Amino acid sequence: KYNRPFSAAHAIVFSGYSNSTMIMNILRKCCELQDYTEPTGVTFRGLAEHDILNLFEKLYNDQNIELDKLAQLEISFLPYFEYNSTPKGIIRHLHNNPIEYVDLLTYNYKPDPGSDFTMKEHSGDQRRLAYEIVELFKVVPGCGETPVSEMEFKEWVAAAQEYADSIGYSASFAYCFGRVLSYAPVGEDGIFPHEMIRDYFEHTHSEKLINGFISGKQSQRGVHAVTGGIEEKEISIKYREDASKLRISYPHTAAILEKLAEYYWQESLYEQKWELLDFRG
């Protein structure tokens with residue numbers, strides 16, 4: 001009423017207050033008044049990233065919250081989730097709607113060669129938003145809670161795959177879903193990936209899927225310290241050891257882990273060479 005959503009956010013962010021309806025209204029008002037300065041001088045820029053994410057955590061604790069409204073609100077604050085949190089509403093929405101996940105791929109990825117699919121015209125903002133949502137989809141269907149649900153995983157994959165095949169997006173879906181699978185939990189035996197994902201690899205022999213999986217796993221490492229190849233060598237050895245343990249029961253998965261091991265081994269050699277050349281000057 002008095003256009004003071006920033007003050008309201010500051011007041012409740014670390015309190016026990018958890019009225020979901022009011023918090024959602026405050027967040028919406030913050031979006032509407034991003035360039036506004038309250039009479040007291042408080043601005044939207046005065047809200048730290050962790051303040052916004054803290055308000056969303058309060059919303060996540062409400063089991064009866066309207067998922068569509070939550071996901072829409074997360075989209076308004078999407079940049080805040082890029083590094084430090086997971087947009088749980090969006091993730092849950094896409095877990096419930098696998099076809100919508102495939103539709104998001106059509107904004108930026110090409111259809112299969114020979115496909116009759118015609119890419120729709122989308123604005124640059126729409127394509128950017130779709131890409132960011134796809135990149136933030138890092139929870140494997142069926143793995144959102146413990147224990148994992150193999151039935152949920154299989155049903156989601158079957159629905160998404162059938163739709164992707166029907167519109168001529170099999171290759172793009174395989175690659176992007178491979179990246180999603182790179183976020184799988186470790187298995188009950190302590191080896192990555194989980195047994196459910198290993199079974200999927202054993203029955204789905206797709207080069208695009210494997211390439212996406214390897215690419216996704218490599219990108220998760222992010223920025224790291226230069227160790228002259230020592231760290232890369234240790235990662236490579238671990239993948240080879242795990243591949244050796246899985247070679248009999250999961251031969252295709254073992255081959256994928258071997259590819260990861262070889263990648264890090266080559267990275268190790270590369271850094272060793274630069275170390276010898278004193279690349280740090």
Side-chain angles (χ1 to χ4, degrees), residues 71 74-75 78-79 81-83 86-120 122-144 148-149 152-185 192-194 196-222 252-253 255-257 259-260 263:
E74 287 173 333
I75 289 174
L78 208 57
F81 294 94
E82 186 173 359
Y83 300 109
T86 300
K88 297 179 181 179
I90 292 174
I91 299 300
R92 282 165 53 192
H93 178 78
L94 292 179
H95 278 185
N96 295 338
N97 301 276
I99 289 177
E100 287 194 27
Y101 173 77
V102 178
D103 277 333
L104 286 172
L105 302 184
T106 66
Y107 282 62
N108 294 285
Y109 292 88
K110 293 181 179 180
D112 299 335
S115 170
D116 294 331
F117 185 86
T118 301
M119 296 183 70
K120 298 178 182 178
H122 298 292
S123 68
D125 287 342
Q126 288 175 319
R127 291 196 301 270
R128 175 189 54 78
L129 182 61
Y131 180 81
E132 290 177 356
I133 292 174
V134 168
E135 287 296 295
L136 286 170
F137 190 62
K138 300 176 181 178
V139 180
V140 179
C143 296
V148 302
S149 172
E152 182 180 340
F153 175 78
K154 288 184 175 180
E155 289 179 350
W156 191 96
V157 174
Q161 185 70 67
E162 181 180 3
Y163 180 64
D165 292 344
S166 70
I167 66 172
Y169 260 82
S170 301
S172 292
F173 170 70
Y175 178 80
C176 292
F177 188 53
R179 290 181 63 86
V180 174
L181 293 181
S182 72
Y183 291 92
F192 170 83
H194 191 276
M196 181 176 72
I197 309 305
R198 299 176 209 169
D199 287 334
Y200 181 66
F201 282 140
E202 296 307 307
H203 295 92
T204 308
H205 307 149
S206 166
E207 185 177 350
K208 289 285 187 180
L209 179 77
I210 295 171
N211 290 342
F213 178 81
I214 292 175
S215 171
K217 195 60 181 176
Q218 291 168 352
S219 65
Q220 288 174 39
R221 193 176 179 213
H252 291 286
T253 305
I256 295 172
L257 297 184
K259 289 186 177 182
L260 279 168
Y263 167 81

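A quick note: this is a predicted structure, and the numbers were derived from the prediction, not measured.
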- Message: Counting C-beta onward and ignoring hydrogens, is there a side-chain heavy-atom pair between Y175 and S215 closer than 4.5 Å?
- Response: yes
- Taking the side chain as C-beta and beyond, is there a heavy-atom pair between H93 and N96 under 4.5 Å? no
- Task: Please confirm whether Y131 and Y107 have ring centers closer than 6.0 angstrom.
- Result: no
- Message: Quick one, D116 with I167, criterion side-chain contact (heavy atoms from CB on, under 4.5 Å). Give me CA distance, side-chain angles, the key distance, then yes/no.
- Response: CA-CA 8 Å; D116 294 331; I167 66 172; over 6 Å; no
- Item | Salt-bridge contact K88-E74 (side-chain N to carboxylate O under 4.0 Å) | no
- Task: Report, as yes or no, whether the 6.0 Å neighbourhood of atom CD on E207 holds more than 12 heavy atoms from other residues, nucleotides or ligands.
- Result: no
- Message: Under the criterion ring-ring contact (aromatic ring centres under 6.0 Å, His included), I'd like the reasoning laid out for Y109 against Y169: C-alpha separation, chi angles, the key distance, then a yes or no.
- Response: CA-CA 9 Å; Y109 292 88; Y169 260 82; 8.2 Å; no
- Task: Salt-bridge test for E202 and R198: reply yes if a basic N is under 4.0 Å from a carboxylate O, no otherwise.
- Result: no
- Message: Can you give me the closest heavy-atom contact between K208 and A174, atom names plus distance?
- Response: CB-CB, 3.9 Å
- First locate atom CZ of F192, then atom CD1 of I197, and finally report the distance between them rounded to the nearest 0.5 Å. 8.5 Å
- Message: Cation-pi check for Y183 against K217: NZ or CZ below 6.0 Å from the six-membered ring centre and within 45 degrees of the axis, yes or no?
- Response: no
- Task: For Q126 and S123, indicate whether the former's side chain and the latter's backbone hold a donor-acceptor pair under 3.5 Å.
- Result: yes
- Message: For the backbone of D103 and the side chain of T106, can you confirm whether one donor and one acceptor N or O come within less than 3.5 Å of each other?
- Response: yes
- Query: Which pair of heavy atoms, one from D112 and one from A171, lies closest together, and at what distance?
  - Reply: OD1-N, 3.0 Å
- Note on the structure: Of all heavy-atom pairs linking E152 and H95, the shortest is OE2-ND1, 4.2 Å
- Query: Within a radius of less than 6.0 Å around NE2 of H203, do more than 12 heavy atoms belonging to other residues, nucleotides or ligands occur?
  - Reply: no
- Query: Got a donor-acceptor contact below 3.5 angstrom from the T204 side chain to the F201 backbone?
  - Reply: no
- Spacing of F213 atom CZ and K259 atom NZ [to the nearest 0.5 Å]: 11.5 Å
- Starting at SG of C176, measure out to CD of E135 and round the result to the nearest 0.5 Å. 7.5 Å
- Is there side-chain contact between V134 and V180, with heavy atoms separated by less than 4.5 Å? no
- So, do I133 and I75 sit near enough that their side-chain heavy atoms are less than 4.5 Å apart? yes
- Task: Might you point out which heavy atoms bring R127 and H122 nearest each other, and give the distance in Å?
- Result: NH1-O, 2.5 Å
- Message: Quick check on the 6.0 Å ring-centre criterion: do H252 and Y200 meet it?
- Response: no
- Task: Answer yes or no: is there a donor N or O on one side and an acceptor on the other, between the side chain of S166 and the main chain of Y163, under 3.5 Å?
- Result: yes
- To the nearest 0.5 angstrom, please state how far the CG atom of L105 sits from the CZ atom of F173. 8.0 Å
- Message: Surrounding CD of Q220 (heavy atoms of other residues, nucleotides or ligands, distance under 6.0 Å), is the total greater than 12?
- Response: yes
- Atom of F153, atom of L181 and distance for their closest heavy-atom approach: CE1-CD2, 3.9 Å
- Task: Identify the heavy atoms of Y101 and F177 that sit nearest to each other, and give their distance.
- Result: OH-N, 4.0 Å
- Task: Would you check if L78 and L136 make a side-chain contact, meaning some heavy-atom pair closer than 4.5 Å?
- Result: yes
- Message: Please evaluate residues V140 and H194 with respect to the criterion side-chain contact (heavy atoms from CB on, under 4.5 Å), reporting the C-alpha separation (whole Å), side-chain torsions for both, the decisive distance (0.1 Å), and the verdict.
- Response: CA-CA 11 Å; V140 179; H194 191 276; over 6 Å; no
- Message: Using only atom types and a distance under 3.5 Å, with no angle test, would you say the side chain of W156 pairs donor to acceptor with the backbone of L94?
- Response: yes
- Message: Determine whether R179 and S219 satisfy the following criterion, side-chain contact (heavy atoms from CB on, under 4.5 Å), listing intermediate values before the conclusion.
- Response: CA-CA 9 Å; R179 290 181 63 86; S219 65; 3.7 Å; yes
- Message: With a 4.5 Å cut-off on side-chain heavy atoms, are K138 and S182 touching?
- Response: no
